[in-house]
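Here is the naming used below: chain letters follow the sequence lines, and residue numbers restart at 1 for every chain. The shown structure was predicted, so the numbers you read here are calculated from the model rather than taken from an experiment.
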Amino acid sequence: MRHFLLFFLVVSLTASARASGTVRVVAKDPSGTPVADAVAYVLAIDAPAPVRPPADPVAIIQKDQEFLPYVTAVVVGTRVSFPNKDTVQHHVYSVSPAKKFEIPLYIGESSATILFDHPGPVTLGCNIHDWMVAYIYVLATPYFAKTGTDGAADITGLPPGRYRLELWHPRLAAKVGREITIEGTADSTQVVSVTLRPDRRIRRAPDSEGLGYK
Amino acid sequence: MPQFRRYGTRLLLLFAGVVAAAQFADYLLVTRANRRNAVDRIHENLVKGAGLFARRVDARLQELSGRAALMSDDYSIRQLFLKDQPDPATVRSALRSYSVRMGVPFMTLISPEGVRIGDTGGPLPEAALKPFQDLVQVAAAAEDPKATGFARLPQASPDGKLYALLVVPIYAPKPEIVAWIGLAMPIDQRFALELKSDAQVEVTFYYGASESMLPVESTLGLGATPQTETPLGDSAVVTVLVAGEPYVTAYRPLLPLVTPGRAAIALQRSLRAELAPSLPLERFLLILLIASLIAAALVAAVLARNLSRPLRSLAEHTRVIASGDYATRLDLNRADEIGQLAAAFNRMSDGLAERDRVRDLLDKNVSPEVAAQLMKDGGALGGEEREVTVLFVDLRSFTRLSESLPPREVLILLNRYFDRMSGIVEIYHGIVDKYIGDAIMAIFGAPVTQPGHADNAILAALEMQSALARLNAELATEGRAKLSFGIGINTSRIIAGNIGSSRRLNYSVVGDGVNVAARLQDLTRMSQFKADILVSASTLKAARGSYRVRDLGAAPVRGRDEPVEVFAVEGPA
């Protein structure tokens, strides 16, 4: 069951007068538990949608020897900064094909920002702290949102048309995607069932100072 | 079954055989038990050895896995992956450096897609890629992403070696797997020797592309260890000859084997070495076997002698008895059955001697012919009618003579006289029927038929006359009185046979003719006849010879109505 993707599609269309539509995507695992930290995005099928990277860098901070947030979705061309709020140095790196980089040991506000110029997942690690892990998902589409603890993500400002809805998660066992159509200002809710791999992150002991984790 | 002429041989074989069988069975049981125990002990060791092998491989791989995990978290290895295209020479030198740190001869880096990123080089890389790629697939699907397996590398090469392979992930960071480290740990002679010193078993590693496997590494030497046809997965214990020496061997397949073919570890222990402690006991038993065989043979020989010697004496004694010597006695001086048998022999000799004495007495008391007849028909009562001639000879005036002599002298004289007369009777084929006081009754023609019984009787009477004359001449020289007798002879049909009771029998004749003969003898006392020998007409009639006779006319006979024609015989014609 775990590796088998169940695909439930419940589409409820509600009339809307606006020129752009919103798709509410609800990610659930096969047992019905909401899946947080999933990046939901749609790719325009009929006409390409240009991305406009933000002017300011997106920050992924290091606090309590953890990355925050765990998952960050950005569009291609976004710059990301990695401010260190800890009292110890960190050494942020990625060897992911989408972006290989490292910021050698530093503390405080690093002057360096990293430009993410290729789409795809980027896994962040720290050379000092094995348990620190975070993900940046670099997208080539402007329409995306991240699910919260309720598993829901609202993708807004969608012009009418046909799209391909996809979902990414660090532990996604298999790709999921479906075609959807936006008509006028109608909102729709897409419930997507996703199967996740077991969470193999290194778990730290609750009161440790970076010692005794497993 | 061969027949043995000598009882002793048979006894010897029996004794030795029984002892040999018992001792040999004992020896066999002990040696078999020793062997079984030895095999069991070896089996235990082999099972322990197999367990130890598995644990050692596991422990070593665990250790390598730990070191690889450290390596994967190493800053410098990540540096390699930060490059878009890592420099192959740098990757290789880095991996060599790691392989030295870890103490493994070969190491490779493989991308999550199964592409080789780099390796330490050497003769293996190309050949080694495929098994590692296979293991990467296994590891990627595993809960704990790592995999191990055995492999022969290079696969196709005849001098390929056995390795335990390990594949562990490189995280950047965990749980993101950016590459796999593949390690090869040699299952080589050193490994075998370590295992040998720990488990006290010989270790041979086998590999075969097909059913049969050849030794690849061995603590016994590759030349000595034979190839094997033992099916894998079969944990049976077998005994294998290594350089002519039996080794109890247990095979365990090396699993999983990621290269084609089959591989196994053979754990072996010398049966001879295991049996060595029990050899003195077995040797002692063997000596005991031989010693008891010799002892049994000696005892059997003594017993056989003890038995066969008296048996031979008995056999010899039967020959002595058969030859007619009943006087010799057999004295074996023993109380057992053979002693009893000897006593029985002696009693038999007594019996035979007794019989002989009886026969002798019979011969003396009856005439030999009667004795023979008695021996022949067993002295049955019976009788037959036949014609015989009866002769009575009686001493005259002997009663008066005997009164003047001491009894012993009388008996000596009488016996001397009887001896002469009886001898003459026997010479003329007559038998002395009985002695009646100083008279002799003799029969001619019974029990053996004689055609000339009448002649014999007359001739005997004439001879007796001469004999008496000679005896009288002797008596005259001795100064004794001379003897005279009268003889009566009659021929008639009478009844002859054994007469008496069933206890006591006499061969004799009865009938009127006997009486006539006695009467004729009485008549010789008649002075008018002047004759010592009187015969009846029937005797003269039966006689074939001719004699000088005097007809004395008819004379009345007591007990008979008719008188009897009486003749005096005076001599041969």
Original post:
For chain B, which residues of residues 90-102 of chain A have at least one non-hydrogen atom nearer than 4.5 Å to it?
Top reply: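 Residues in range: A:His91, A:Tyr93, A:Ser94, A:Val95, A:Lys100, A:Phe101, A:Glu102.
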
**OP:** Could you grab the distance from atom CG of A:Asn127 to atom CG of B:Asp74, nearest 0.5 Å is fine?
**Re:**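 So the CG of A:Asn127 and the CG of B:Asp74 are separated by 9.0 Å.
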
Subject >> Separation of B:Tyr171 OH from A:Ile202 CD1 (nearest 0.5 Å) >> reply: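 Rounded to the nearest 0.5 Å, the CD1-OH separation comes to 8.5 Å.
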
Original post:
Is a donor on one side and an acceptor on the other found under 3.5 Å between the side chain of A:Arg200 and the backbone of B:Glu176?
Top reply: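 Side chain of A:Arg200 to backbone of B:Glu176, a donor-acceptor pair under 3.5 Å: no, none is there.
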
**OP:** Return yes when atom NZ of A:Lys146 has more than 12 non-hydrogen atoms of other residues, nucleotides or ligands closer than 6.0 Å, and no otherwise.
**Re:**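 For A:Lys146, atom NZ is crowded (more than 12 foreign heavy atoms under 6.0 Å).
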
**OP:** Heavy atoms only: give me the nearest B:Pro173-A:Asp130 pair and the separation to one decimal.
**Re:**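 B:Pro173 and A:Asp130 have their closest heavy atoms at CB-O, 3.9 Å.
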
